[in-house]
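Below is one structure; the comments refer to it alone.
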Protein chains: 2
Amino acid sequence: MKQPNRITISNIAELAGVSKATASLVLNGKGDEYRVSEETQQRILSIAEEHRYQPSFHARALRSSRSHTIGLVIPFLTQFTNASLARELESLFRNAGIQIIIACSDEDPEQEKLVVNNLLQRQVDGLIVISSNSSDEAYSKIHSYVPVVQLGRQIGDSSLPLIMTDAESSTTSLIQVLATQHPDEIYYFGGEPTLTPSKQRLAGYKQGLQQAGVSLRPEWIRQRNFFSYSGYDMMEEVCNELGRPPKALFTASFSLLEGVLQYLNQNPEMQQGLHLASFDDHELLDFMPLRIDSIAQDYTALAFNAFTMLMALMEDKAVLPPTMQTIPARIRWRHPESRRLSKQITTESLPK
Amino acid sequence: MKQPNRITISNIAELAGVSKATASLVLNGKGDEYRVSEETQQRILSIAEEHRYQPSFHARALRSSRSHTIGLVIPFLTQFTNASLARELESLFRNAGIQIIIACSDEDPEQEKLVVNNLLQRQVDGLIVISSNSSDEAYSKIHSYVPVVQLGRQIGDSSLPLIMTDAESSTTSLIQVLATQHPDEIYYFGGEPTLTPSKQRLAGYKQGLQQAGVSLRPEWIRQRNFFSYSGYDMMEEVCNELGRPPKALFTASFSLLEGVLQYLNQNPEMQQGLHLASFDDHELLDFMPLRIDSIAQDYTALAFNAFTMLMALMEDKAVLPPTMQTIPARIRWRHPESRRLSKQITTESLPK
DNA sequence: TTGAAAGCGCTAACAA
DNA sequence: TTGTTAGCGCTTTCAA
């Protein structure tokens, strides 16, 4: 099962009656630079064309210790947020002539180690990670020889280059509006408390309450992990405790929201009077009977900045000054009352 | 930006005071076979361990012309169906020690050519394609030296190994139930007519009508492509023609359904009396006010069979007899009336 | 029981 | 203007 009639540079050289070196130069566009005669160049080029010469990727990588490949570490491919980022990145790097290898950690730090190792073994030239780790120890080491960019999540308080959504301010605004409507009860469901997204979204929640003049009750905050079953479980728990649904609920991720929705689907009576809001957005939310306010991340900008950052790092290791970038998010008001209030509040808080 | 202190097999050999050859044998588990002394083996192994020796992937690939990598060609990463397949495959191959490279064609045959070329250049050992092509000419050639498995879609009438959902029979059943309820009007929105999924789903639609004793009106069938905007456009078209929504509508893919939903969201009056059904399923459909009947593909089985098939082909090129496999789909009844009818019909058509 | 040597396909000094 | 040569890291005869 070998590549058949695959033509090598030696073959080309032979056919053209030149040496491998000359052929190599010409085929790499360095013909002029090294002043290979026009005629020879043409001959080589046309032979290569004719035989559909394709340089061996592995030989090249071995020789130059550059694989023109980068690795993307992602929790799950089926989560809409991650898939969107992966999609954008794939296209950006493809157009830049760089192959991207997507590896899934399944949100498991152990497995993340494995897949990263794997990628490193393949000599990826760079790494973009949506990490499930809370320590950047391993990545710091790696970064000393292969640039690493954190995307979407900060690993602990890592100082490695980082691109992420400004979750705090958008969450604050959303919660402020929500709390204004439901000052007496507004729950928060979060994921792994150790991950930065959790921290920021929680911080935003707290600040939103404060801005609305609502004082936090500790039992409003529940945190587990980002799997959707956690959303289900927390919802079940709260509904059981209250004997009714909470008046308002903010889920810190789309996956958690899915779990909550699943619970509501099985217990439709718990939809009564519930005001839902969530971090992360999905088109289908537009069609849901519950008017769920949500926060939409800007995947295009996130991906683009991560791309640009990594490309810069790969080209020369002189790290650019702003090594951390935050991308604003956009709130999508779906609840009519929220929409009204949000306009009002925005107007009020404007200077004039 | 070089891999630092990366240890090579020469280093190991040197440190152990043996030759590269011996080290290689031991490190590849062929020590016993070649009767390398136990003591030497231990020495080599422990040194490798100590220095965290990692064989160079590219050197190995160059030497053995096997990259332990396979390529997956997929239209879009953000389509739930494709992402689900990708996810399953990623995990299967990862556990088998094989790296999978996902390349997106954006549903564009030209781009598909490019990315396939790219993968081939990287000497992938196998290829799984969800193709947007209607001719398998290129793939047939490729298959002669790198095994190719078609997943989800048949390329033209290609005889290359193929794993796909049995779309026809499930669609037939669904349509039969739908047509029984709405014998006077039941529309069909499809994607590229040249792609097999389209053909099969359309065939299922026609047969379902027949089984329900409904005679097809040509204007019920609209086909464009699988992008969601087509769903939007077709819906707009039909609603404008009728001055009201159709009574029943089957969309041949989830993306088309999304387009339809988007239209409905902007024109809520058109939801009135509309009975929607679709090929492909999504969790969120459970929470939609419109009770949308849908057909769920079995991603796990699809992926597993593709995996098994490709692994077999990669191991020895003796192709197994059943080179085409169909995986049954499951209908998810959400509309109460559909559910009732489906039970009734099933019972009736049972032998006793 | 181990080592020497060749070579996978490519690039880049250095010569000519 | 072009060719020679060495070597990236690894595996695999063949010889000792």
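Chain A is the first sequence line, chain B the second, and so forth, proteins listed ahead of strands; every chain is numbered from 1.
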Can you run down the salt bridge (charged side-chain N to carboxylate O under 4.0 Å, His left out) pairs that involve residues 13-30 of chain B, sequence neighbours left out, and say none if there aren't any?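 Matches after skipping sequence neighbours: none remain.
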Sequence neighbours excluded, every pair satisfying salt bridge (charged side-chain N to carboxylate O under 4.0 Å, His left out) that has a member inside residues 70-93 of chain A: A/Glu90-A/Arg94
Once you round it to whole Å, what is the distance between [atom2] of [N] and [atom1] of [X]?
X        : N      : atom1 : atom2 : answer
B/Glu33  : C/dT2  : CD    : C1'   : 15 Å
B/Leu27  : D/dC10 : CG    : P     : 9 Å
A/Arg66  : C/dG9  : CZ    : P     : 24 Å
A/Phe57  : C/dC10 : CZ    : C1'   : 13 Å
B/Lys30  : C/dT1  : NZ    : P     : 19 Å
B/Arg122 : C/dG9  : CZ    : P     : 18 Å

For nucleotides 2-9 of chain D, just jot down a letter per nucleotide in 5' to 3' order: B, S or -, based on protein non-hydrogen atoms under 4.0 Å. BBB-BBBB
Can you pull out every ring pair (Phe, Tyr, Trp, His ring centres under 6.0 Å) where at least one residue sits in residues 77-108 of chain B? Sequence neighbours excluded, please. B/Phe80-B/His282, B/Phe93-B/Phe307
Closer than 3.5 angstrom, by distance alone: can the side chain of B/His58 be matched with the main-chain N or O of A/Ala61 as a donor-acceptor pair?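 Checked: no pair found.
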Once side-chain contact (heavy atoms from CB on, under 4.5 Å) is applied, do any residues pair with A/Ala21, and if so which ones, sequence neighbours excluded? A/Ser19
B/Glu50 meets the side-chain contact (heavy atoms from CB on, under 4.5 Å) criterion, sequence neighbours left out, with none
